[in-house]
Amino acid sequence: MAGFPSTQSEVTSLAEAAPRVRFAPSPTGYLHVGGARTALFNWLFARHHHGTFILRIEDTDIERSTSEMVEGILQGMRWLGLDWDEGPYFQTQRMDLYRQTAARLIASGHAYYCFCTKEELERKRAAALADGRSAKYEGICRGVPREEAARRRAAGESAAVRFAVPETGSTYFDDAVLGRVEFANNEVEDVVLLRSDGAPTYHLSVVADDIDMRISHIIRGSDHISNTPKQVMLYEALGEPMPVFAHVPLILGPDKTRLSKRHGATSVMAYRDQGIVPEAFRNFLALLGWAPPGGTAGILGDAELIRLFDLDGISKSNAIFDRAKLDWFNSEHIRAFSAEKLLPLVEVEWKKAGIEPDLMDRDWLLRTIDLVKPRARNLRDFATLFRAYFTDSFEADPAAVEKFLKDENVRQMLVELGGRYAASEDGFSEQETEKLLYDFAAEKEMKAGPLINGARVALTGQGVAPSLFAVMAMLGRERTVSRLKAAQEMAARAMNQEV
RNA sequence: GGCGCUAUCGUCUAGGGGUUAGGACGGAAGAUUCUCAAUCUUCAAACCCGGGUUCGAUUCCCGGUAGCGCUACCA
């Protein structure tokens, strides 16, 4: 690395102050779960250390970047609750910085003009690959004298700018999760810094921006490991203090291949649409590839996550996305939510499902949500599984009818029971409704169980529900009676539907 | 192919030169009998393979194997 100023000693100077980290997505797609976790780790790190979390949009690939995707990413970040302290910065608005940085590199002899055409390079690469040789750029234009390069450019010939990678020696970095990683310099290609149209490539823009924004810790996916030596060289060539690199393992699908659309939803917004709550998603994502000291972790809120999070808990190996576990986190978080917090979230689901809660009394809604939430796996359940609690317009689950309402006698008894509830002078509390049913069962000389289970289906349309009498008390006399009396019709419809 | 990274129950992980290798999700069984997607109890389930170092390796070292990543004028 002769000729490069040593900057390793300056590592500490950047890392010692309050950390500055960034999430730098490319707007060529939505915010996917891998990116979301990278963002979350950066956010947790910044919050834990009272540092700064910066959002930077890497949109230098104008062909593939779109403003819809920018909006989609911001939306995803907001939904996930990852608030940023600076930005969003857009690289397309910072072009001057990159050109200046490239000029510095050319001036110091660390970069040079390359006149090779794309087609030429493509052909050579194909040939090299066919021969089993390395497809690395051979550095042909490195030998072009400065004056000649200037002349050719003046004559209108287009040129890219390449970085002149040292031909010997090696480059290393001490990764905060992986430890020391070293690459032989001759394995590293003379990467393009500036395209022939003057636009920067990723390698130039990240380094220029990370320097300019004084990023102290670069926490990103491990798919960037092989890019790192190039960036380290750039820091050295520029004589800038080195940040700390922390490469986070990737998230894989259940088949151990990189997570993609094939595995189902990858966009974080799709999880919102599935009724996942952000608290659960953060908890789940944080524990994918990271574990707090001691390793045992379950339901954690943001305060605990922030308190516990640090780089040394990040695992080195890839993690598989486990949907069942996400669902578990989600049900636990929903259960921990107050009904007041749940209500507006649930109202969104009702709206989507065309439910206008017939019983609009807010207090009643809150109590019902509390009654039902221990059995919820996601927010949508409040509009599907629990639909009957909030509207009279619901259909029975055929499986539940099959299980508990198949017996004609039971159905008749339920209708009759409905009449009893209608005629009763008693109140409609849990205790009173329970007493009436048991008395009724005794009178008819039948067990209460089948009646209770049948009534559950008649009242809720489901085979799974809270305690029946709590449900009755919640629904009130009028609804309980009319639903019991409609047991026959409901069962008939469900059994028809089944065929 | 080349280069790099990784390897503990099915999954996420803790641990660490001598342990009954711990926890959580999921799974199974049981209890509750008013259902279960709720609750409680119990159970099954792992150190990739081969060498080396060592009194002793799952742990440290080397090799293999496998998986993943990168290998663009994408990011």
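Sequence lines set the chain letters: A, B, ... in the order given, protein chains first and strands last, and positions in each chain run from 1. Scope of the values below: all heavy atoms of this structure, side chains included, with no hydrogens, waters or symmetry mates.
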Length of the line joining [X]:[atom1] and [N]:[atom2], which is rounded to integer Å:
X: A:H224; N: B:A72; atom1: NE2; atom2: C1'; value: 15 Å
X: A:L385; N: B:A38; atom1: CG; atom2: C1'; value: 12 Å
X: A:L250; N: B:C68; atom1: CG; atom2: P; value: 11 Å
X: A:H333; N: B:C25; atom1: NE2; atom2: P; value: 13 Å
X: A:L259; N: B:G67; atom1: CG; atom2: P; value: 19 Å

Problem set entry | Between A:F321 and A:H263, ring centroids under 6.0 Å |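 Not close enough - the centres of the two rings lie 6.0 Å or further apart.
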Options [options], nucleotide nearest the side-chain atoms of [X]:
X: A:I225; options: B:C5, B:G69, B:C12; answer: B:C5
X: A:T60; options: B:U6, B:A75, B:A37; answer: B:A75
X: A:S26; options: B:C12, B:A37, B:A75; answer: B:A75

For this session: Identify whether the distance between the nearest side-chain nitrogen and carboxylate oxygen of A:D210 and A:R56 falls below 4.0 Å.
Result: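 Salt bridge between A:D210 and A:R56, a charged N being under 4.0 Å from a carboxylate O: yes.
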Exercise. Quick one: on RNA chain B, does A:S317 or A:G449 contact a more 5' nucleotide (nearest heavy atom)?
Worked result: A:S317
Problem set entry | Nearest-nucleotide 5' precedence on RNA chain B, A:N227 against A:T257 |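 Whichever sits nearer the 5' end wins; that is A:T257.
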Hey, does [X] reach any base, or is it just sugar-phosphate, or nothing, if we go heavy atoms under 4.0 Å?
X: A:G463; value: base
X: A:S65; value: nothing
X: A:R335; value: sugar-phosphate
X: A:T201; value: sugar-phosphate

On the nucleotide [N], are OP1 or OP2 found under 4.0 Å from the side-chain N or O atoms that [X] carries?
X: A:K256; N: B:U11; result: yes
X: A:S226; N: B:G69; result: no
X: A:Y202; N: B:A72; result: no
X: A:K373; N: B:A38; result: no
X: A:R64; N: B:A75; result: no
X: A:R195; N: B:C74; result: yes

For this session: Would you check if the side chain of A:R411 reaches a backbone N or O of A:K406 as a donor-acceptor pair within less than 3.5 Å?
Result: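 Looks like yes, one N/O pair under 3.5 Å.
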For this session: Please confirm whether the backbone N or O of A:S429 pairs with a side-chain atom of A:E432, one donor and one acceptor, at under 3.5 Å?
Result: yes
Exercise. Could you walk me through whether A:R94 and A:M213 pass the side-chain contact (heavy atoms from CB on, under 4.5 Å) check?
Worked result: CA-CA 12 Å; A:R94 300 166 55 82; A:M213 296 176 187; 3.5 Å; yes
Seminar exercise, completed: When both distances are under 3.5 Å in a Watson-Crick or G-U wobble arrangement, the nucleotide paired with B:U39 is B:A31
Exercise. Any N or O donor-acceptor pair linking the side chain of A:D381 to the base of B:A37 at under 3.5 Å?
Worked result: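 When only heavy-atom distances are counted, A:D381 does not reach the base of B:A37 through any donor-acceptor pair under 3.5 Å.
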